[in-house]
K.L.:
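The structure's right below; bear with me while I get my questions together.
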Amino acid sequence: MWRIKIENRAVRSYKLSFLTGIVSVFLGVIFTGIIFALWGVNPLFAFYKIFSGSFGSVYGWQETITKAIPLILISSGLSMAFVAGLWNIGAEGQMLLGAIPATYIALKLGCCLPAGIVIPLMFIAGFVGGALAAGIAAVLKEKFRINEVISTLMFNYIIAELVQYLVYGPWKGKGQWGFPYTDNFPSSATLSVLGNTRIHYQTLIIAVLAAVIVYILMKKTRFGYDAKVVGANPSAARYAGINFFRNSVLIMLISGGLAGIAGVGEVAGIHKHLTYPWTISAGYGFTAIIVAALAKNNPLVCLLISVFFSGILVGGDTIQTSLQMPSSTINIFNGIILFFAIAGDYFLTHSVRIVKNG
Amino acid sequence: MIQSLELRNISKRFGAVVANENINLGISSGEILGLLGENGAGKSTLMKILFGIYSPDNGGIFVNGKHIKISSPADSIKIGIGMVHQHFMLVSNHTVAENIALGLSDIPFFFPQAKIRNKINEFNNKYGFDVNPDAYIWQLSAGEQQRVEIIKVLIRGAELLIMDEPTSVLTPSEVSALFNALKKFVSAGGLVAFISHKLDEIMDITDKVVVLRRGRVTGQVDTGDTTKEELARMIFDRDVALSVPFRDSICGSSVLEVVNLNVFGDMGVEACRNLSFSVRENEIFGIAGVAGNGQKELIETITGLREPASGSIFIKGKDITNKSPDIINASGVAHIPEERMKFGVVSSLSVCENAALKDQNTHMRFRGVFIDYGKIKELAERIVKEYSVSAPSVESIMGNLSGGNIQKFITGRELLAEPSLIVAAHPTYGVDVGTTEFIRKKLIEKRDTGSAVLLVSEDLEELFQLCNRIAVMFRGRFMGVIDHQHIDMDKIALWMTGVSGN
Amino acid sequence: MDEKTFLVQQILVRTFAAGTPLLLGTLGEIYSERSGILNLGIEGMMAAGAVAAFATASVTGSPWCGVVAGIVVGGLLALLHAFATVTLKANQIVSGLALTMLGLGISGLWGKRYVGVPLINKILPVRLPVLSNIPILGNAVFNQDLLFYGSVVLGVIMWFILYKTKVGIIIRSVGENPEAADSLGISVWKVRYVCVITGGIFAGMAGSYLSLVYISSWVEGMTGGRGWIVIALTVFSLWNPKRAFLGAYVFGGIYVLQYILQSYGVSPNLLLMLPYIATLAALLAAVKFSKKKRISPPLSLGVPFDRGR
């Protein structure tokens, strides 16, 4: 008789974790393909559309890199939070709470101060805004034992309504033909782009720097070590005298702050005004969760995977127009990949073999 | 009815480790069989095979001469085998009745609690228990919880009781009550398999003894025909002296000073009441007592994991009351924690990373921002070498090491930091005899080089071997403190039950 | 009937209607969490259940077929979660998020065809004789649809099972101390599978109620965070179905309050924040309660059961 034999693996294998990542994406593609077929769309055609839309042309690449910017920022921050066992699901809201004060600065100071002052101020305000949203959740968790998954999610909804309130109400622009937008940012409050693209390179540079800094922070410093211990074994962290509260709050502040910067990039680099919340956050906060998960919380790997998923997002826009599929279709793909990624983790920690009995 | 039960040619391996090899033994109705051996000798594995938790690689189980297949606890319960685990398998937030009703087949589907009450009272009368069906488990003492476990097993019709180290959490008077109940049980035709490593108990209660060493049977005798010395020879590789040697030391000035300490436990009860004591250089100060009398809370308070209600703690004159664990670490306090997997290590990180768990500041460069992983690796390698931790490499994952090796690692990490005070909670609990001896030797070494040691243990042999002074703790108070020269077993036993007299 | 009585009655009717999907979802999540499995995928299961119910009701013309479809889809999605978290021992938070994404994705894609399509046959209110003649409350409680009555009856049954039966002891014990349950021959994984799937079935039912009764049409994103509110209500209810009633109807009331306050000129966007702010407040309150009553979450919640360890 044959049976399945399952044993724990003794040592972590990087090769294997790379392999499971690839396999989970591959299986995600296949299963999403099945769903496409069920819906009556040729899956090969759909995936051709998705990937040619994002990676098949110079324009596609430009868009892919543009959309990778917020993903890199957010996933770097999230990878840090996840290592520390903080389930920050509120990056969408944190983006928005970064965009709001940046918009305020753009509209108030953009007219009369040079870009060299206004832009840095906007980024700082964005960081502070995003950090605030995440930091409150951290305090609620550590001081009142309120689960951060729920609190950060609730903030998503609350902050989105706040943005709606602002663009429909007090901040509604005068020259926007009645659309719920704020006035367009003056030129000293908008980010410059590379040539004819939408790549707002200042944010891109910040994003890449952020990924590198977070990497160093997590791998090389006491702070990162402490975070790892807090996430893996909170009791041992207490035993070792690690300051829980400070560590958790700091990590949430940074991860929220990076999402806030991403929000600034979107309003100041892409839209040039504050608009519908879902136009700004556009699912980046949730996609970044998958990026971090697939990157095994390594911010440098996040850089690469962000580009891949950004391509999926761009491709998603393509099939939305050419195949009349709703934008949420991408969620199916993301959800399935995430499932396979965690299933793959099982094979990272367990060796599963089929052996003969006796 | 089980008239007789036999294990024939049982073998079990875990990977390369032989847990049981070719084991034969038998019990008959009306008998208590003692299963004796050190930790890791294979007693628990054997009983888990009998109970259906593990399946043997070889051999079989025979009831009344007939071969029986047992592949899960459900099977063994059906046959009439019941196990009282060393760590109680109780749901602490549920009532006694709910715990006993769990998974029971012959109770009504609706309102099972009501029916179970009568049954519990039946057992109370039969065995002289006083278990309240509506009490919550967390409100009960260890002895009461054990009685719940026994009722749980008996109510399922157990005729063979497996008792896995049942006395380790009991006071001496609870032990004799347990023994009475067991005798009543076998006199009515029951069978008992009694696992222990305590010679006195085996001599007291059993009819037959089977001794295991390294997974093999090394002796099988009727209890009446043997002596403790003979049993000890069967347990250990070499003859061991039953009275353990103690080497005295001259104690220096006070290192730890505890003054009028009051601490509350998790459930809001007073765990430590007005404790005052000191531990000096070159001294091992032992705290004896049954678990749950405030030892855990005392240690947590000294090491900064719990806030005291009042009182103060000083290390070499420095007030560390209410300070955080990192400040206390830095004041020279090492801590070998009771729950080693929960507190002592991060099992998902590597051995190397675990070396830096305490005292990270000494492994820093660039003004305490960056961690010096080179230095940490050196430390990890030093711990592994000097404390003979058997690990494939310092990069292996901590959780894959055996319990004994993890404990050696923790001991090494704590002792290599050159502490002035070592707080050791049950440092040899559940580890094999080699490791036990090794850890005790290291503690004595540290004592001789000037450290003060606060040792909490339930193992009296350990305390007698190591301690210059022993305090006995009962319900948060010291019943008394005794010097090594004046050790008196009877007095200590009385103190452990809360009787103070002289 | 004067205008004021009518208004109060209408408010109550809507409160109970708005509370019903929350009640159903919470009942299911209580079972899932009581067995030790946190399922954050409620939002996804609700959304997929809603679209499955609406699509099936549109195709077959029978709303009850729709409810069955919602239940099946909810249960199937939960099965996925059970496989990942019980069999593969995956992180329950990540698996729940994956489930949310998947469910929302499926609802968006499947529902695209039904945007703006009216529901042909609705689930109509059934007036209960005698009881419905009680002033005010009679019309609000006893003149509702069968799904509403069903949810109330189910809630009572779920409470009864959990606290007054053999099975209830088993479920609660598995969530508190799976090792203890295992040692008595109870199959931990079976209990957890059943409870997680029960959670999915109830979430699917909640979704059906949304699309077939409460809104009676398909709108993308119609769950609007109710799945997350359910998670919070589970904490608020201290894992007791009896208290789930309280939480669900209070939150139902908050949804109705939005409409009332709107007529007083408060910005609708600020009002839409209300349920989410109230959720945070409810969690704060729950922390206070649980401290006072010494109730803690099921002890093994979120921890995979590994027999070998």
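First the proteins, then the strands, lettered A, B, ... as listed; each starts at 1. Values below: all heavy atoms of this structure, side chains included; hydrogens, waters and symmetry mates excluded.
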K.L.:
Report yes or no: is the cationic atom of K358(B) (NZ for Lys, CZ for Arg) under 6.0 Å from the centre of the six-membered ring of Y239(A), at an angle within 45° of the ring normal?
P.N.:
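Yes, a cation-pi geometry.
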K.L.:
For E307(B), does the CD atom have more than 12 heavy-atom neighbours from other residues, nucleotides or ligands under 6.0 Å away?
P.N.:
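No, the 6.0 Å shell around CD holds no more than 12 heavy atoms from other groups.
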K.L.:
Please classify the contact of R413(B) with chain A as side chain, backbone, both or neither, using a heavy-atom distance under 4.5 Å.
P.N.:
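Side chain only.
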K.L.:
I371(B) versus T221(A): any side-chain heavy-atom pair under 4.5 Å?
P.N.:
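No, their side chains stay 4.5 Å or more apart.
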K.L.:
Between the main-chain N or O of V345(B) and the side-chain N or O of N233(A), is there a donor-acceptor pair closer than 3.5 Å?
P.N.:
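Yes: the side chain of N233(A) pairs with the backbone of V345(B).
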K.L.:
If you count heavy atoms of other groups shown closer than 6.0 angstrom to NZ of K377(B), is the number above 12?
P.N.:
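Open.
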K.L.:
Locate the shortest heavy-atom distance separating A236(A) from V346(B); write the atom from each residue and the value.
P.N.:
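Answer, listing the atom of A236(A) first, then V346(B): CB-CG2, 3.9 Å.
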K.L.:
Which atoms form the tightest heavy-atom contact between S348(B) and A232(A), and what is the distance?
P.N.:
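That closest heavy-atom pairing would be OG-CB, 3.4 Å.
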K.L.:
Taking side chain as C-beta onward, heavy atoms only, is I242(A) less than 4.5 Å from D326(B)?
P.N.:
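SC-SC contact between I242(A) and D326(B) ruled out.
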K.L.:
To the nearest 0.5 angstrom, please state how far the NZ atom of K220(A) sits from the CG atom of D372(B).
P.N.:
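One gets 10.5 Å once the value is rounded to the nearest 0.5 Å.
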K.L.:
Which atom names give the shortest non-hydrogen contact between K219(A) and Y373(B), and what distance separates them?
P.N.:
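The pair with the smallest heavy-atom distance is O-CE1, 3.2 Å.
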K.L.:
How far does CD of E300(B) sit from CZ of R238(A), to the nearest 0.5 angstrom?
P.N.:
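Here the rounded value is 7.0 Å.
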K.L.:
Does CZ belonging to F26(A) count more than 12 external heavy atoms closer than 6.0 Å?
P.N.:
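Count not over threshold, so no.
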K.L.:
Can you list the residues that meet the ring pair (Phe, Tyr, Trp, His ring centres under 6.0 Å) rule with F340(A), with sequence neighbours excluded?
P.N.:
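Expected list: F31(A).
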K.L.:
Would you please name every residue forming a side-chain contact (heavy atoms from CB on, under 4.5 Å) with A271(B), sequence neighbours left out?
P.N.:
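Residues passing side-chain contact (heavy atoms from CB on, under 4.5 Å) with A271(B): E297(B).
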K.L.:
Below 4.5 Å, heavy atoms only, C-beta onward: do F370(B) and F223(A) meet side chain to side chain?
P.N.:
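No, side chains not in contact.
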